[in-house]
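Protein chains get the first letters and strands the later ones, always in sequence-line order, with residue 1 at the start of each. Atoms considered below: every heavy atom in the structure, side chains included; atoms not considered: hydrogens, waters and symmetry mates.
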Amino acid sequence: MTATARPTSRPSPRPARRAMTRAEVRAFIEQLAAANPDARSELNFVDDFTLLVSVVLSAQATDASVNRATVGLFADAPDPAAMVALGEEKVGAHIRSIGLWRTKARNVVALSQQLLDRFGGKVPHDRAALESLPGVGRKTANVVMNIAFGDSTMAVDTHIFRIGNRTGLAPGTTPRAVEEQLVRRIPADMLRPAHHWLILHGRYVCKARKPECWRCPAFEPCQYRLKEDIRNEAPATKA
DNA sequence: ATCCCGAGGG
DNA sequence: CCCTCTGGAT
């Protein structure tokens, strides 16, 4: 409720969340780099094709669950032709332990067919081409371009969207807005690996539930700590 | 805005 | 039980 009067001197009922300064952004990213010296994707893949399929399968699923399913899937279908030959039903059987499996099975087979028909069986190094494939949106295209082709893209997933807004690193109401903020604010030479640093940070420290703020290098500038009155120390281990 | 959709954690 | 996991298409 807004029944209680607020001082007329304050323009808004709640102060807007402060975005990190450029110096704070740089310090945060550099400390994430130091904390994750050999950061890489935790998906198991062997080439561009198996990477693309793994990323499509990873929607609303953990990397661990995707890896469990792709062992058998890639043994049967290591390339687009084999994937088409395997067919939607058998692909589905391999990935049934992953959420959204019906849609994903259909997309993976259709996507493989289109790689054969339109791109000579290869994964195109082209954003528009990638996003034209079934089951591939901006986030997936950004991941493939970053990992397979070495582009300085920033894929904004659930983790990075949360970190951007929660901490003030890159506030934005849509994934696209957060992406643009990150590209603008993170030094160019750190942008590509920063994707992995942020993912790991979101997965293990700045978690959706019960974030472990005492392990976070951005504790000082982070806006979440102010909102939630979080302490910069680990909870006492019970005796 | 809603649907797709299973496993794991708290 | 509820929430979350590297979303995309309608």
Side-chain angles (χ1 to χ4, degrees), chain A residues 32 36 39-45 48 50-73 88-89 91-112 114 123 127-149 151-167 169-170 172-179 182-183 186 191-212 224 228 235 237-238:
Chain A
L32 288 183
N36 304 280
R40 53 175 180 80
S41 173
E42 294 188 354
L43 290 171
N44 292 337
F45 60 93
D48 296 355
T50 49
L51 169 65
L52 174 60
V53 172
S54 292
V55 178
V56 168
L57 294 181
S58 73
Q60 304 289 274
T62 61
D63 282 357
S65 70
V66 172
N67 290 335
R68 257 176 270 131
T70 54
V71 174
L73 177 65
E88 201 174 312
E89 184 139 346
V91 171
H94 276 300
I95 66 173
R96 201 149 299 177
S97 59
I98 306 178
L100 315 179
W101 62 271
R102 257 181 281 260
T103 307
K104 289 172 179 174
R106 188 181 341 116
N107 284 337
V108 164
V109 173
L111 164 167
S112 300
Q114 292 194 22
V123 177
R127 173 185 298 286
L130 285 168
E131 291 187 17
S132 76
L133 297 169
V136 180
R138 186 175 182 87
K139 180 262 171 181
T140 298
N142 275 332
V143 172
V144 171
M145 291 167 70
N146 183 309
I147 298 177
F149 302 122
D151 295 341
S152 289
T153 56
M154 178 54 69
V156 175
D157 58 24
T158 180
H159 293 304
I160 296 187
F161 186 80
R162 178 178 65 250
I163 295 171
N165 282 292
R166 176 187 274 173
T167 65
L169 172 68
T173 56
T174 64
R176 185 61 181 272
V178 170
E179 177 183 334
L182 291 169
V183 170
I186 295 177
L191 191 61
R192 184 185 174 218
H195 171 252
H196 294 295
W197 299 333
L198 287 166
I199 291 298
L200 293 180
H201 187 61
R203 188 174 296 165
Y204 299 116
V205 180
C206 194
K207 301 180 292 185
R209 286 186 293 183
K210 295 176 57 178
E212 302 183 4
Y224 184 74
E228 303 293 329
T237 53
K238 61 180 179 193

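Rounded to a whole Å, the NZ atom of A:Lys104 is 12 Å from the P atom of B:dA7. The nearest whole Å value for the distance from the CG atom in A:Asp63 to the C1' atom in C:dT4 is 14 Å. In this structure, the CZ atom of A:Phe161 is 16 Å from the C1' atom of C:dC5, given to the nearest Å. Following rounding to the nearest Å, A:Arg106 (CZ) and B:dC4 (P) show an atom-to-atom distance of 11 Å. Separating the CG atom of A:Asn142 from the C1' atom of C:dG7 is a distance of 13 Å, rounded to the nearest angstrom. In this structure, A:His94 places its NE2 atom 18 Å from P of B:dG6, rounding to the nearest Å. Atom-to-atom, CZ of A:Arg166 to C1' of C:dT4 comes out at 12 Å; the value is rounded to the nearest Å.
Mapping A:Trp101 and A:Arg68 onto DNA chain B by nearest heavy atom places A:Trp101 closer to the 5' end of the strand.
Contacts of A:Asn107 with the nucleic acid, taken as non-hydrogen atoms under 4.0 Å apart, are absent. Residue contacts shown for A:Leu100 include a base, since a base heavy atom lies under 4.0 Å away. When heavy atoms are screened at a 4.0 angstrom cut-off, A:Leu133 is found touching the sugar-phosphate backbone but no base atom. Nucleic acid contact class of A:Ser97 (heavy atoms, under 4.0 Å, all strands): sugar-phosphate only. Note on A:Ala208: only backbone sugar-phosphate atoms sit closer than 4.0 angstrom, heavy atoms only; bases stay farther off. Backbone-only contact: A:Val136 has heavy atoms under 4.0 Å from sugar-phosphate atoms and none from a base. Residue A:Arg96 is classed as a sugar-phosphate contact, given heavy-atom separations below 4.0 Å to backbone atoms only.
The phosphate of B:dG9 has neither OP1 nor OP2 within less than 4.0 Å of any side-chain N or O from A:Arg209. Phosphate contact (OP1/OP2 of C:dC5, side-chain N/O of A:Gln60, threshold under 4.0 Å): absent. Contact check, A:Thr140 against C:dG8: a side-chain N or O comes under 4.0 Å of OP1 or OP2. For A:Ser65 and B:dA7, the shortest distance from a side-chain N or O to OP1 or OP2 is not below 4.0 Å. A:His159 has a side-chain polar atom (N or O) that falls below the 4.0 Å cut-off from OP1 or OP2 of C:dC5.
For B:dC4, its base never sits under 3.5 Å from the side chain of A:Arg102 at any donor and acceptor pair.
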Side chain to side chain contact (heavy atoms under 4.5 Å, CB included) evaluation trace for A:Tyr224 with A:Thr167: CA-CA 6 Å; A:Tyr224 184 74; A:Thr167 65; 5.8 Å; no

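B:dG10 sits 14 Å from C:dT6 when the P atoms are compared, rounded to a whole Å. Nucleotides C:dC3 and B:dC5 are separated by 15 Å at their C1' atoms, to the nearest Å. Nucleotides B:dA7 and C:dA9, compared at atom C1', are 24 Å apart to the nearest Å.
Looking at A:Arg127 and A:Asp151, no side-chain N of the basic residue comes within less than 4.0 Å of a carboxylate O on the acidic one, giving no salt bridge.
Using a 4.5 Å heavy-atom threshold, the side chains of A:Val55 and A:Leu51 count as touching. Looking only at side-chain heavy atoms (C-beta outward), A:Leu200 and A:Glu42 come within less than 4.5 Å of each other.
For the atom pair CD of A:Gln114 and CG of A:Asn107, the computed distance is 9.5 Å after rounding to the nearest 0.5 Å. Here A:Asn142 contributes atom CG and A:His195 contributes atom NE2; the two are 8.0 Å apart, rounded to the nearest 0.5 Å.
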